[in-house]
Number of protein chains: 2
Amino acid sequence: MKHLPHKTIERLSQYRRALLLCHEKGKSHIYSHEIAKIQHITAVQVRRDLMLIGYTGTLRKGYNVKELIDLIGIIIDSEDGLHVAIIGMGNLGRALINYFAGKRSKLKIVAGFDTNPDKIGNTMSGVPCYSIEDMAKIVLENDIKIGILTVPADHAIATADLLVKAGIKGILNYTPKPVNVPKEVYLEEYDMITTLEKVAFYVKLQEMDEE
Amino acid sequence: MKHLPHKTIERLSQYRRALLLCHEKGKSHIYSHEIAKIQHITAVQVRRDLMLIGYTGTLRKGYNVKELIDLIGIIIDSEDGLHVAIIGMGNLGRALINYFAGKRSKLKIVAGFDTNPDKIGNTMSGVPCYSIEDMAKIVLENDIKIGILTVPADHAIATADLLVKAGIKGILNYTPKPVNVPKEVYLEEYDMITTLEKVAFYVKLQEMDEE
DNA sequence: GTATTTTTGTTAAAAAATTCACATTGTGAA
DNA sequence: TTCACAATGTGAATTTTTTAACAAAAATAC
């Protein structure tokens with residue numbers, strides 16, 4: 001199964017989420033075109049992705065929901081789970097914590113960091129908030145592998161450096177500032193402003209076409 | 001200049017942001033490799049994107065920062081700007097409002113919507129919060145073109161339907177639930193859980209490679 | 001004034017991602 | 001039984017995106 005395309009990885013995560021819902025509803029099998037419909041993609045794409053992970057459905061019955069959930073888990077999850085920290089307990093940081101709260105998943109948010117003394121020492125939705133100064137210690141003690149960067153833009157670069165020094169393995173940067181990391185740290189950046197500008201562009205385009 | 005690739009649109013938005021910073025610092029020209037460095041991409045890619053929008057730099061001097069900012073604006077912005085609404089004034093919604101607060105941009109968040117009576121009628125970071133029931137009216141009155149969906153997952157689909165009925169032209173869905181819209185509405189979905197799972201996957205992969 | 005360097009612009013090649021097209025085969029209907 | 005249908009699985013083609021390669025030309029060095 002060598003190298004899965006990046007896009008396939010993303011879709012697998014989404015398939016699993018959709019499948020979990022189906023499973024809860026008691027659906028035991030699902031067709032590729034049903035999955036496709038939910039995700040707004042084509043059935044071929046779904047089948048191709050599943051082919052890449054070596055999963056085989058049943059002709060005329062589709063895919064076994066439970067089996068597929070488990071297989072996707074084997075592929076994308078770490079066996080023992082991974083610990084995650086949120087750096088920056090502002091609105092965005094808290095939003096992320098709430099997203100995850102209660103989800104039994106292999107990914108667990110175990111710590112938050114902030115500079116605000118009012119937040120440090122408290123717990124938010126079950127996640128303890130520490131001082132950024134203690135990052136190296138906390139990361140080590142809790143075996144934290146991934147950091148989600150949700151600090152104000154001005155602090156993004158310095159904070160990313162701290163994370164790297166603390167020995168983090170992956171960074172998800174939600175600030176609008178690109179950061180630099182050594183190549184052994186996996187970096188994913190996502191910029192909400194860019195996405196909104198993109199939507200705006202296509203809305204504009206559509207309005208222009210109408211004229 | 002016909003059809004710009006999707007990825008190019010995204011990068012243009014990012015280039016502009018980087019360029020604005022350079023401009024503030026008084027830098028008048030910039031090389032393709034400087035832009036590339038900031039965005040973690042190659043210089044060829046930058047040049048290719050600029051070629052696609054028909055911008056020409058100066059040999060040995062690079063690109064004129066101000067000119068390029070303006071040109072990108074002409075391409076991706078709507079001339080008169082676009083009004084945006086946030087649907088769901090929770091942590092994520094407020095985070096987005098704060099991101100945009102103070103930015104003089106062609107995109108303006110002019111309204112927020114929520115179901116919580118404590119929030120309705122108040123203003124958050126300058127953005128008035130209305131009842132979701134008044135959506136159609138407010139969208140029309142304020143000429144709102146884009147809606148950012150930040151409601152709880154369970155309400156995503158129903159709220160998206162409301163937005164469509166209200167006549168919105170583009171939806172940016174930040175809930176983990178895919179929604180359906182008619183084809184004349186531009187839809188962009190972004191799922192934080194998927195992104196985090198992707199980071200986790202590549203961190204796992206890296207750890208496995210080390211062994 | 002000539003050579004060297006550096007940077008742009010672009011054609012062509014490569015790589016990544018998606019879609020087409022269709023063989024295959026269980027299933028149910030006639 | 002035989003036929004038609006509906007689904008999977010996948011090689012081949014297509015499309016999209018990125019990268020390589022290099023000509024052209026301005027600036028600098030000598």
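Order of the sequence lines sets the chain letters (A, B, ...), proteins ahead of strands, with each chain counted from 1.
- A straight line from CD1 of B:Ile53 to P of C:dT10 spans 13 Å, rounded to a whole angstrom.
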*When you check every protein heavy atom under 4.0 Å of nucleotides 4-9 of chain D, what one-letter string (B, S, -) results, 5' to 3'?*
-BBBBB
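- Here C:dT7 presents its C1' atom at 16 Å from CG of B:Asn64, a figure rounded to the nearest Å.
- By the 4.0 Å N-to-carboxylate-O rule, A:Arg16 lies close enough to B:Glu197 to be salt-bridged with it.
- Remark: C1' of C:dT8 and CG of B:Leu52 are 15 Å apart, rounded to the nearest angstrom.
- Of the charged side-chain nitrogens involved, none lies within less than 4.0 Å of a carboxylate oxygen, so that A:Lys106 and A:Asp80 do not count as a salt-bridged pair.
- Without hydrogens or angle criteria, A:Thr42 side chain to A:Gln45 main chain gives a donor-acceptor distance under 3.5 Å.
- A salt bridge links B:Lys145 with A:Glu207: at least one charged nitrogen is closer than 4.0 Å to a carboxylate oxygen.
- Electrostatic pairing of A:Asp70 and A:Lys66 counts as a salt bridge here, judged by a charged N lying under 4.0 Å from a carboxylate O.
- Under the 3.5 Å distance criterion, the side-chain polar atoms of A:Thr175 are matched with a main-chain donor or acceptor of A:Lys177.
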*What string of B, S and - do you get for nucleotides 15-20 of chain D, 5' to 3', when a contact is any protein heavy atom under 4.0 Å?*
--SSBB
*Decide yes or no on side-chain contact (heavy atoms from CB on, under 4.5 Å) for A:Thr150 and A:Leu96, but give the supporting numbers first.*
CA-CA 9 Å; A:Thr150 53; A:Leu96 281 160; 3.8 Å; yes
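- Taking 4.0 Å as the cut-off between side-chain N and carboxylate O, A:Lys7 and A:Asp49 do not count as a salt-bridged pair.
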